[in-house]
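The structure appears right after this line, and notes come after that.
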Amino acid sequence: MVREARYEDLKSVLELYLFLHDEEIPEHDEHLEKMWRQILDDPNHHLIVNEVDGRVVSSCDCLIIPNLSRSVRPHAFIENVVTHIDFRKKGYAGECLAYAKEIAERENCYKMLLATGSKNPDTLRFYENAGYNCKDKTAFVQWLNV
């Protein structure tokens with residue numbers, strides 16, 4: 001079942017992120033709690049999860065970004081697409097992306113952007129099959145040290 005994350009999903013989402021890029025689950029402290037509440041309370045931040053038999057197995061973030069160009073239409077940014085290793089290649093991430101597209105269409109977005117750090121051809125093909133392309137835009141990243 002694809003849905004937006006709820007408060008009680010925090011632990012499951014953090015465990016899922018271990019398959020994305022995190023090496024450990026962050027300490028459940030005041031900062032984490034504040035960030036989690038901020039994500040859940042932000043009407044432009046949609047943390048989408050796919051639940052199978054009560055277990056969160058896949059997820060992505062869909063951020064709706066207000067915009068003054070393109071006839072004052074927002075755009076959507078997709079990030080943190082991840083599926084638990086035991087549940088890959090079963091369509092769960094694709095269902096999350098389809099749900100994100102529904103949100104973007106409902107919000108009258110003129111485009112969706114997706115960022116990935118993966119160079120894996122299978123992963124890139126998955127995104128292309130989901131309707132994304134890597135020809136129209138060039139993305140750059142600048143990492144910031146804290």
Item to check | Evaluation steps, side-chain contact (heavy atoms from CB on, under 4.5 Å), between F77 and E79 | outcome: CA-CA 7 Å; F77 183 73; E79 179 80 354; 3.6 Å; yes
Next on the checklist: I'd like to know whether S118 forms a side chain to side chain donor-acceptor pair (under 3.5 Å) with N120, so could you lay out the CA-CA distance, the side-chain angles of the two residues, the decisive distance to 0.1 Å, and finally the verdict.
Outcome noted: CA-CA 5 Å; S118 178; N120 182 319; 5.2 Å; no
Checklist entry - Given the rule in the side-chain contact (heavy atoms from CB on, under 4.5 Å) test, do V57 and V49 qualify, once you have shown the distances and angles that lead to the verdict? => result CA-CA 7 Å; V57 300; V49 298; over 6 Å; no
Next on the checklist: For H45 and C62: C-alpha separation, side-chain torsions, deciding distance, then whether side-chain contact (heavy atoms from CB on, under 4.5 Å) applies.
Outcome noted: CA-CA 6 Å; H45 192 151; C62 175; over 6 Å; no
Checklist entry - Going through the distances and angles, do Q38 and D41 end up as a side-chain contact (heavy atoms from CB on, under 4.5 Å)? => result CA-CA 5 Å; Q38 183 178 341; D41 292 343; over 6 Å; no
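K101 has its side chain out of reach of L97: every pair of non-hydrogen atoms, C-beta onward, lies at least 4.5 Å apart. L47 has its side chain within reach of W36: a pair of non-hydrogen atoms, C-beta onward, lies under 4.5 Å apart. Residues H31 and M35 are in side-chain contact: their nearest non-hydrogen atoms beyond the backbone lie under 4.5 Å apart. A 4.5 Å side-chain heavy-atom check between Y127 and T123 finds at least one atom pair inside the cut-off. At least one side-chain heavy atom of H21 sits less than 4.5 Å from a side-chain heavy atom of N80. Counting only heavy atoms from C-beta outward, the side chains of S12 and E51 never approach each other to under 4.5 Å. In this structure, the side chains of K90 and V52 stay at 4.5 Å or more apart for every pair of heavy atoms. For the pair L10 and H28, the minimum side-chain heavy-atom distance is below 4.5 Å.
Placement of I78 and I65 in two distinct hydrophobic clusters is found when ILVMFWY residues are connected by side-chain heavy-atom separations under 4.5 Å, directly or transitively. V81 and Y17 are assigned to two separate hydrophobic clusters, defined by single-linkage of ILVMFWY side chains at heavy-atom distances under 4.5 Å. Cluster annotation: I103 and M1 are assigned to distinct hydrophobic clusters (Ile/Leu/Val/Met/Phe/Trp/Tyr, side-chain heavy-atom contacts under 4.5 Å, transitive).
Remark: side-chain polar atoms of S58 are paired, donor with acceptor, to backbone N or O of V82 under 3.5 angstrom. H46 contributes a side-chain N or O that, together with a main-chain N or O of P43, makes up a donor-acceptor pair within less than 3.5 Å. A donor-acceptor pair is defined here as one N or O able to donate and one able to accept, closer than 3.5 Å; such a pair exists between the side chain of D29 and the backbone of L32. Using modelled atom types, one side-chain atom of N133 and one backbone atom of D136 make a donor-acceptor pair closer than 3.5 Å. Remark: the backbone N or O of N67 is not paired with any side-chain donor or acceptor of R73 at under 3.5 angstrom.
Atom NZ of K11 is surrounded by 12 or fewer heavy atoms from other residues, nucleotides or ligands within 6.0 Å. Summarising the local packing, CD of E30 is surrounded by 12 or fewer heavy atoms from other residues, nucleotides or ligands at distances under 6.0 Å.
Taking CG of D61 as the reference point, atom CG of L114 lies at 11.0 Å (rounded to 0.5 Å). Distance check, rounded to the nearest 0.5 Å: CZ of R55 to CG of D86 gives 6.0 Å. Summarising the geometry, atom CD belonging to E24 is positioned 9.0 Å from atom CG belonging to L18; distances are rounded to the nearest 0.5 Å. The OG1 atom of T83 sits 10.0 Å away from the OH atom of Y92 when rounded to the nearest 0.5 Å.
When each of L68, L63, I64 is checked for a side-chain contact (heavy atoms from CB on, under 4.5 Å) with P74, only I64 meets the rule. Results of the side-chain contact (heavy atoms from CB on, under 4.5 Å) test with S59 over V2, L20, N50, L16 single out L16 as the only residue that passes.
Residues H75 and L113 come closest through the heavy atom pair CD2-CD1, 4.1 Å. Shown here for C60 and A100, the closest heavy-atom pair between the two residues is SG-CB, 4.4 Å. Of all the heavy atoms in R6 and L40, the pair that sits closest is C-CD1, 4.1 Å. Residue D9 comes nearest to R3 through the heavy atom pair OD2-NH1, 2.6 Å, listed as atom of the first residue, atom of the second, then distance.
The aromatic rings of F19 and H84 sit tilted, their planes meeting at an angle between 30° and 60°.
Ion pair R37/E33 flagged as a salt bridge, since at least one NZ, NE, NH1 or NH2 atom sits closer than 4.0 Å to an Asp/Glu carboxylate oxygen.
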